[in-house]
2 protein chains.
Amino acid sequence: MSLRHALLGLLVFRPGSGYDLLKIFNTSLGQVWPARQSQVYGELTKLDATGLITVTDEGPRGRKQYALTPEGHAEARRWLAEREEHQPQRNPMLLQTFFLGLLPPEEAVARLLRYADTAAREYDDLVALRDAEPWDRDAMAECGRLVLEYGLRQRALEQEWARWAAERLRERRLTAPAAGQPEIPEPA
Amino acid sequence: MSLRHALLGLLVFRPGSGYDLLKIFNTSLGQVWPARQSQVYGELTKLDATGLITVTDEGPRGRKQYALTPEGHAEARRWLAEREEHQPQRNPMLLQTFFLGLLPPEEAVARLLRYADTAAREYDDLVALRDAEPWDRDAMAECGRLVLEYGLRQRALEQEWARWAAERLRERRLTAPAAGQPEIPEPA
DNA sequence: CGCCAACATGTCAAGGCTGGAATGTGGGAT
DNA sequence: ATCCCACATTCCAGCCTTGACATGTTGGCG
């Protein structure tokens with residue numbers, strides 16, 4: 001339930017409307033904590049009802065500007081101090097990798113190499129982003145830079161790993177031909 | 001909705017009961033796709049209702065052994081061939097990192113160094129696992145090894161990144177004292 | 001002046017996931 | 001013979017998330 005805390009965190013910096021917050025989710029924050037429109041508006045309503053945030057201003061198109069209440073500020077502080085133990089992440093790519101042995105070896109290798117390519121492309125995108133943005137505007141940008149760096153390294157890792165895995169599978173195919181296990185071949 | 005496919009994938013190798021499958025989720029598979037008991041049993045029931053799996057044997061304590069039907073096999077094949085685009089992962093650690101600028105610098109640095117320590121410990125655990133297991137039993141173990149390697153590299157990355165980030169924050173604290181942004185200090 | 005892209009919010013059904021509770025059986029160790 | 005742990009399943013309330021649909025406004029450009 002950390003969407004709540006992401007919103008509170010953003011509101012510490014400055015008050016904003018659902019629309020404002022949403023824009024942040026669609027760019028930077030969404031890279032580490034995706035959230036849809038309906039979810040953001042819904043959560044804001046709840047947060048308001050709970051008294052953690054409050055409407056401080058109403059603008060043109062029914063715009064409602066939210067800001068933290070003292071309770072909200074306290075909750076943000078509490079959350080930030082808290083240690084969240086990190087549980088395993090759901091990773092579709094690794095899930096498929098787990099079952100890659102069910103594909104014919106050439107296909108499995110090809111798949112891994114495609115992963116590598118994708119990662120390489122994403123890496124380049126992030127590099128471009130890194131070089132385009134001014135990262136010393138404020139504390140949030142400062143930390144955004146840290147998170148971006150993580151993404152960068154992650155993509156590099158993904159690429160190297162996928163190439164390593166492909167190589168390993170290829171070798172295995174040559175030395176140990178058939179491990180006598182079920183496969184999923186082409187459909188008849 | 002990939003829990004469904006994880007189950008189908010496992011059942012390609014050998015038939016099994018909910019209990020059997022659950023054990024796999026609690027160890028290897030759960031590292032890339034966590035699932036609780038209630039979810040596994042629920043999904044098996046649905047899968048059975050859909051006709052993708054079927055009960056092939058009933059054992060002692062109401063044990064039901066499931067196996068793939070031809071449709072289930074086809075669906076597993078379909079899924080494995082499919083390219084799932086990977087959307088951003090929710091990452092609680094990075095979410096907190098994003099807001100680390102709200103903490104006093106020393107605390108932020110300490111936090112990052114704790115992340116590094118955790119990652120280091122997890123790394124060691126995975127190394128132990130790597131050296132304990134025989135990874136050439138079958139195709140599933142083979143690929144499990146690939147996934148483990150990913151976890152290994154991931155932990156190494158996390159550690160290095162966290163140290164890098166801590167160092168960067170520390171430097172910044174010395175050169176550019178206050179960025180004139182809101183902070184969350186100690187409670188009064 | 002008219003139009004459109006951006007602004008701005010609300011609502012809902014359906015499905016996924018969590019966490020807990022409830023229930024009962026059987027094999028092996030003592 | 002007994003006991004206990006591992007085996008084994010079912011159900012549920014409640015929250016989170018997704019993906020749509022629905023609706024209306026306004027500032028600025030041509």
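Numbers restart at 1 for each chain; the letters A, B, ... are given by sequence-line order, proteins then strands.
Salt bridge A:Arg145/A:Glu149: present, at least one basic N to carboxylate O contact under 4.0 Å. Contact check on B:Arg78 versus B:Glu75 returns a salt bridge, with a Lys/Arg side-chain nitrogen under 4.0 Å from an Asp/Glu carboxylate oxygen.
Under the 4.5 Å side-chain criterion, counting only non-hydrogen atoms from C-beta, A:Leu7 is not in contact with A:Ile53.
Nearest to the side-chain atoms of A:Leu3 among the listed nucleotides D:dC16, D:dT17, D:dT9 stands D:dT17. Considering only the side chain of A:Tyr41, C:dG10 comes nearest among C:dG10, D:dT9, C:dG19. For B:Thr45, taking side-chain heavy atoms from C-beta onward, the closest of the listed nucleotides C:dA8, C:dG16, D:dT10 is D:dT10. When distances are taken from the side chain of A:Ser38 to each of C:dA8, D:dA20, C:dG19, the shortest belongs to D:dA20. Checked against C:dG10, C:dG19, C:dG16, the side chain of B:Arg36 finds its nearest nucleotide in C:dG19.
Rounded to whole Å, atom C1' of C:dG10 lies 15 Å from atom OH of A:Tyr19. Between the CG atom of B:Leu21 and the P atom of D:dT10 there is a distance of 13 Å, given to the nearest Å. Going from atom NE2 of B:His5 over to atom P of C:dG15 covers 15 Å, rounded to whole Å. Rounded to whole Å, the distance from CG on A:Leu7 to C1' on D:dC16 is 14 Å. Distance CZ (B:Phe25) to P (C:dC17): 10 Å, rounded to an integer number of Å. Put simply, CD on B:Gln65 is 14 Å from C1' on D:dC7, counting in whole angstrom units. Between the CD atom of A:Gln37 and the P atom of D:dG19 there is a distance of 13 Å, given to the nearest Å. A straight line from CD of B:Glu43 to P of C:dG16 spans 6 Å, rounded to a whole angstrom.
Interatomic distance, B:Arg170 CZ to B:Leu113 CG, rounded to the nearest 0.5 Å: 6.0 Å. Note that the CE atom of A:Met93 and the CZ atom of A:Arg114 stand 12.5 Å from one another [nearest 0.5 Å]. Between the OG1 atom of A:Thr97 and the CZ atom of A:Arg111 there is a distance of 8.0 Å, given to the nearest 0.5 Å.
Residue B:Lys46 has no polar side-chain atom (N or O) positioned under 4.0 Å from OP1 or OP2 of C:dG15.
In terms of position along DNA chain D, the nucleotide closest to B:Lys64 lies nearer the 5' end than the nucleotide closest to the other residue of the pair B:Gln87 and B:Lys64.
The base of C:dT18 has none of its N or O atoms less than 3.5 Å from a complementary donor or acceptor on the side chain of B:Gln39.
Nucleic acid contact for A:Arg90: sugar-phosphate only, since backbone atoms but no base atoms lie under 4.0 Å from a heavy atom of the residue.
Remark: the backbone N or O of B:Trp79 is paired with a side-chain donor or acceptor of A:Gln96 at under 3.5 angstrom.
A heavy-atom distance below 4.0 Å to DNA chain C is reached by these residues of residues 47-63 of chain A, ordered by number: A:Arg61, A:Gly62, A:Arg63.
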